[in-house]
K.L.:
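Pasting in a structure now, in structure tokens, and then I'll have a few things to ask.
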Amino acid sequence: MATVSEADILDEVLSRALADLHPDAARSLLAFKFEPKTTKQIQRLLQKNNRGTISADERITLEKYLRVGQFIDLLHPKAKMVMREAGAAS
């Protein structure tokens with residue numbers, strides 16, 4: 001049996017959920033992103049992780065940010081596709 005990742009599951013759910021998405025809603029999804037302050041914090045945590053100096057609490061925080069980032073990374077291409085298709089239909 002193949003291993004199914006969280007990204008695989010989300011991709012399946014999002015594909016169905018976003019099938020009839022209105023372009024305005026897709027545009028709103030593209031606005032989902034981390035604030036620059038948060039991006040700097042994530043980079044700092046990644047550097048600490050790479051150096052092996054990250055604490056257990058920091059690692060948990062980093063993993064949470066990475067999971068949210070992966071979710072956003074799944075949303076954006078689907079939203080862009082909706083907008084491209086709407087542009088072609090106009």
K.L.:
Are L46 and I54 connected into the same hydrophobic cluster when the rule is that any two of I, L, V, M, F, W, Y join if their side-chain heavy atoms are below 4.5 Å apart?
P.N.:
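Yes, same cluster.
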K.L.:
Report yes if some heavy atom in the side chain of K78 is under 4.5 Å from a heavy atom in the side chain of L29; otherwise report no.
P.N.:
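Side chain of K78 against side chain of L29, heavy atoms only: no contact under 4.5 Å found.
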K.L.:
Just wondering, do K64 and V68 contact through their side chains at under 4.5 Å, heavy atoms?
P.N.:
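Result no, sub-4.5 Å side-chain heavy-atom pair not found.
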K.L.:
Hydrophobic clusters here meaning ILVMFWY residues chained together by side-chain heavy-atom distances under 4.5 Å, can you tell me if L62 and I72 are in one?
P.N.:
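The answer is yes; both residues are in one hydrophobic cluster.
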K.L.:
Would you mind reporting whether D24 and R27 have side-chain heavy atoms less than 4.5 Å apart?
P.N.:
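The answer is yes, as the side chains (C-beta and beyond) meet within the 4.5 Å cut-off.
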K.L.:
List in chain and number order the residues that pass ring-ring contact (aromatic ring centres under 6.0 Å, His included) with F34, two or more places apart in sequence or in another chain; answer none if no residue qualifies.
P.N.:
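Testing F34 for ring-ring contact (aromatic ring centres under 6.0 Å, His included), a comparison that skips the adjacent residues, returns Y65.
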K.L.:
Are side-chain heavy atoms of L10 and L75 found at a separation under 4.5 Å?
P.N.:
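Side chain of L10 against side chain of L75, heavy atoms only: no contact under 4.5 Å found.
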K.L.:
Check whether any side-chain heavy atom of E58 sits under 4.5 Å from a side-chain heavy atom of R44, and report yes or no.
P.N.:
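They are in side-chain contact.
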K.L.:
Does any N or O in the side chain of T53 come within less than 3.5 Å of the main-chain N or O of N49, such that one atom is a donor and the other an acceptor?
P.N.:
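No.
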K.L.:
To the nearest 0.5 Å, what is the distance between CG on L45 and CD1 on I60?
P.N.:
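Result: 12.0 Å between the selected atoms.
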K.L.:
Going hydrophobic residue to hydrophobic residue with side-chain gaps under 4.5 angstrom, can you get from M81 over to L21?
P.N.:
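In one cluster with M81: L21, no.
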K.L.:
With sequence neighbours excluded, tell me which residues meet ring-ring contact (aromatic ring centres under 6.0 Å, His included) with F71.
P.N.:
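F71 satisfies ring-ring contact (aromatic ring centres under 6.0 Å, His included) with no residue once adjacent residues are dropped.
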K.L.:
By salt bridge (Lys or Arg N to Asp or Glu O under 4.0 Å), which residues pair with R59, not counting sequence neighbours?
P.N.:
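With neighbours one apart ignored, the set is empty.
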K.L.:
Just wondering, are more than 12 heavy atoms of other shown residues or ligands nearer than 6.0 Å to CD in E6?
P.N.:
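No - once you tally the heavy atoms of other residues, nucleotides and ligands closer than 6.0 Å, there are 12 at most.
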K.L.:
Which pair of non-hydrogen atoms, one from M83 and one from P23, has the smallest distance, and what is that distance?
P.N.:
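The answer is CG-O, 4.1 Å.
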